[in-house]
Amino acid sequence: MEHTRIKELLKSEEFGKHVIVKGWVKTFRNNQFIAINDGSSLNNIQAVVDFENTEEALLKRVTTGAAVRVEGTLVESLGKGQRVEIKVKELTILGDSDPEKFPLQPKKHSLEFLREIAHLRFRTGTFNAVFKVRNALAFAVHQFFNERDFVYMHTPIITGSDAEGAGEIFKVTTFDFDSIPRNEQGQIDYKEDFFGKATNLTVSGQLEGELAAMALGNIYTFGPTFRAENSNTTRHLAEFWMIEPEMAFYELEDNMDLAEDLLKYVIKYALDHCAEEIEFLKSRLLEEEKSKPQNERAELNLVDKLNFVLANNFERVTYTDAIEILKRSKPNQKKQFKYLIDEWGADLQSEHERYLVEKHFKKPVILIDYPREIKSFYMKQNEPDAQGRHTVRAMDILFPGIGEMVGGSQREENLDKLLARMEEVGIPAEEMDWFLDTRRFGTAPHAGFGLGFERLVLFVTGMTNIRDVIPFPRTPNNAEF
Ligand code: 4AD
Ligand code: MG
């Protein structure tokens with residue numbers, strides 16, 4: 001390779017050295033100063049052209065977005081804002097960029113606009129920083145589990161089961177929609193389909209993860225999951241990435257400890273390895289918040305917020321206690337919640353979760369022991385309480401500004417209890433025989449959770465819309481690129 005990455009040169013002290021740089025033009029000032037970025041750093045390197053001895057036609061092609069090759073000498077910069085620059089000996093245009101047509105001009109663009117040109121937004125500082133942090137977090141997840149001897153398990157993307165039983169699935173088929181085979185009763189005949197049965201994209205790798213954990217001990221998945229929920233919010237994607245550890249012989253306490261350790265570990269990793277990017281995102285957020293009234297601005301800046309999470313234990317609270325807090329809360333008393341909390345059993349909406357985390361406890365909260373009726377069939381059932389209310393060993397981790405970051409539970413290991421619950425919610429046991437075998441042969445306590453990767457990236461980057469932390473978001477009415 002003949003060129004040096006800009007990140008390296010910006011750190012270099014080797015003044016007088018002959019260097020070659022390749023990158024894209026950010027700005028070109030006074031027919032002389034080219035700011036070049038190659039993606040390696042948020043910072044550009046300045047290349048100074050001897051414009052009097054350079055052809056006018058060539059200089060005209062130095063436009064924002066063009067790819068260039070610059071050969072010259074690394075010198076100490078006299079200008080403000082940079083330590084080093086390149087005195088150009090030879091300038092080559094590798095790829096032109098028509099200034100009339102290139103949509104990313106050197107000015108501030110709104111995130112909404114950038115979302116429409118998501119194929120080009122990687123070239124902005126904000127998205128450079130976001131995707132570097134995303135990368136660091138993904139790496140940190142693997143490192144965390146690898147250090148703890150967990151096995152990374154690839155669970156299927158195409159499956160015949162709906163792990164969460166919520167029915168929010170994308171079907172997978174090779175049927176010709178103009179002539180779908182039907183049986184004598186007129187129902188779709190999936191026996192004729194590619195897999196000989198109805199299939200869908202996975203909503204979670206948990207059930208397959210449980211099978212592996214009940215042999216290998218500790219496993220985790222980290223892959224794409226798909227939900228056809230029609231939630232057009234800043235927290236939901238139709239395609240998102242989830243990390244799902246599953247551990248044999250873990251109970252709920254162990255599960256909570258692991259989740260809290262994981263979150264703190266990856267946040268610390270990002271702070272340590274992406275200091276520049278997070279500093280940049282902190283400034284971006286402060287700038288964005290200037291347009292908001294004082295009382296809507298965050299109390300802590302991004303870096304302080306992340307350090308605050310590292311420094312404090314997550315608050316562990318039962319659903320029943322949380323309901324009491326919510327019942328007595330001001331927004332409930334004053335009927336400011338959209339969904340008022342008046343009795344035990346109510347599902348918590350994001351307004352309630354955010355009240356608990358942002359107003360009441362002011363730190364991450366782990367809510368446990370939810371009513372059985374509002375949680376998935378596989379969760380371990382507690383003994384009914386004094387009032388005969390049924391709860392399950394669920395845990396949701398709620399984060400400020402995000403709401404639910406993690407959903408998990410201890411699993412029901414008792415075959416009869418699990419079968420009874422499946423029947424109640426209408427899951428046919430014969431379709432789940434493979435899953436039930438773990439309870440038939442050597443069943444044991446086990447637990448796991450799912451961490452929504454984009455929600456984690458949202459939190460660590462301080463971005464406010466989940467569409468801005470995944471390269472190409474899929475949401476209702478949107479599968480562009
Ligand atoms: O709470 P959920 O639905 O839990 C499960 O899928 C379990 N099977 C996990 C397990 O125990 N192994 O989803 C887990 C997490 C949520 O807490 C949230 O962070 C994220 O996945 N999530 C979404 N993220 C983005 N867009 C969506 N539509 C999401 N739905 C869930
Ligand atoms: Mg959940």
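In listed order, ligands and their atoms are each counted from 1.
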Check: Evaluating non-hydrogen atoms only, which member of Arg474, Gln206, Arg235, Arg227 is closest to atom 6 (O) of ligand 1?
Finding: Arg227
Checklist line | For Glu244, the ligand 1 atoms whose distance to one of its heavy atoms is below 4.0 Å | finding: 7 (C), 8 (N), 9 (C), 10 (C), 12 (N)
Checklist line | Per-atom contacts, ligand 1 versus Tyr378 - under 4.0 Å to a heavy atom | finding: 7 (C), 8 (N)
Notebook entry, point to check: Relative to the heavy atoms of Arg411, which atoms of ligand 1 are at a distance of less than 4.0 Å?
Noted result: 10 (C), 11 (O), 12 (N)
Margin query: Students should be able to answer this: which protein heavy-atom is nearest to atom 15 (C) of ligand 1, and at what distance?
Written below: Gly450 O, 3.6 Å
Checklist line | Donor-acceptor under 3.5 Å (Thr461 side chain, Val130 main chain) | finding: no
Margin query: I need the atoms of ligand 1 closer than 4.0 Å to a non-hydrogen atom of Glu229, numbered in the order shown.
Written below: 27 (C), 28 (N), 30 (N)
Next item on the list: Using heavy-atom distances, let me know which of Arg455, His236, Glu239 sits nearest atom 18 (C) of ligand 1.
Entry: Arg455
Would you list the atom pairs, donor with acceptor, under 3.5 Å between side chains in residues 444-451 and any protein atom, with sequence neighbours excluded?
{"residue": "His446", "atom": "ND1", "partner": "Ala444", "partner atom": "O", "Å": "3.0"}
{"residue": "His446", "atom": "NE2", "partner": "Glu210", "partner atom": "OE1", "Å": "2.8"}

Next item on the list: Give the atoms of ligand 1, by number and element, whose distance to some non-hydrogen atom of Gly407 is under 4.0 Å.
Entry: 1 (O), 9 (C), 10 (C), 11 (O), 17 (O)
Next item on the list: Could you list which atoms of ligand 1 come closer than 4.0 Å to a heavy atom of Ser204?
Entry: 6 (O), 8 (N)
Margin query: Tell me whether the NZ or CZ atom of Arg439 lies within the 45° cone about the ring axis of Phe441 and under 6.0 Å from its centre.
Written below: no
Margin query: Does the Lys NZ or Arg CZ of Arg421 fall within the cation-pi geometry relative to Phe377 - under 6.0 Å from the ring centre and within 45° of the axis?
Written below: no
Checklist line | Donor-acceptor contact present, side-chain Arg455 to main-chain Glu404, <3.5 Å | finding: yes
Checklist line | Taking atom 17 (O) of ligand 1 as the reference point, the nearest protein heavy atom with its distance | finding: Glu404 OE2, 2.6 Å
Notebook entry, point to check: Is the distance between the ring centroids of Phe453 and Phe240 under 6.0 Å?
Noted result: no
Next item on the list: Taking only heavy atoms of Gly408 into account, list the atoms of ligand 1 that are under 4.0 Å away from them.
Entry: 11 (O)
Checklist line | Heavy atom of the protein closest to atom 22 (N) of ligand 1 (residue, atom name, distance) | finding: Phe240 CE1, 3.5 Å
Checklist line | Atom indices of ligand 1, in the order listed, that fall short of 4.0 Å to a heavy atom of Val406 | finding: 17 (O)
Notebook entry, point to check: So is Ile466 polar-close to ligand 1, meaning N/O to N/O under 3.5 Å?
Noted result: no
Checklist line | Nearest neighbour in protein (non-hydrogen) for atom 26 (N) of ligand 1 | finding: Leu237 N, 2.9 Å
Item checked: Residue and atom name of the nearest protein heavy atom (relative to atom 14 (C) of ligand 1), distance in Å to one decimal -> Met242 SD, 3.3 Å
Notebook entry, point to check: Which protein N, O or S atoms lie under 2.8 Å from the Mg ion (ligand 2), given by chain and residue number?
Noted result: Glu404 OE2
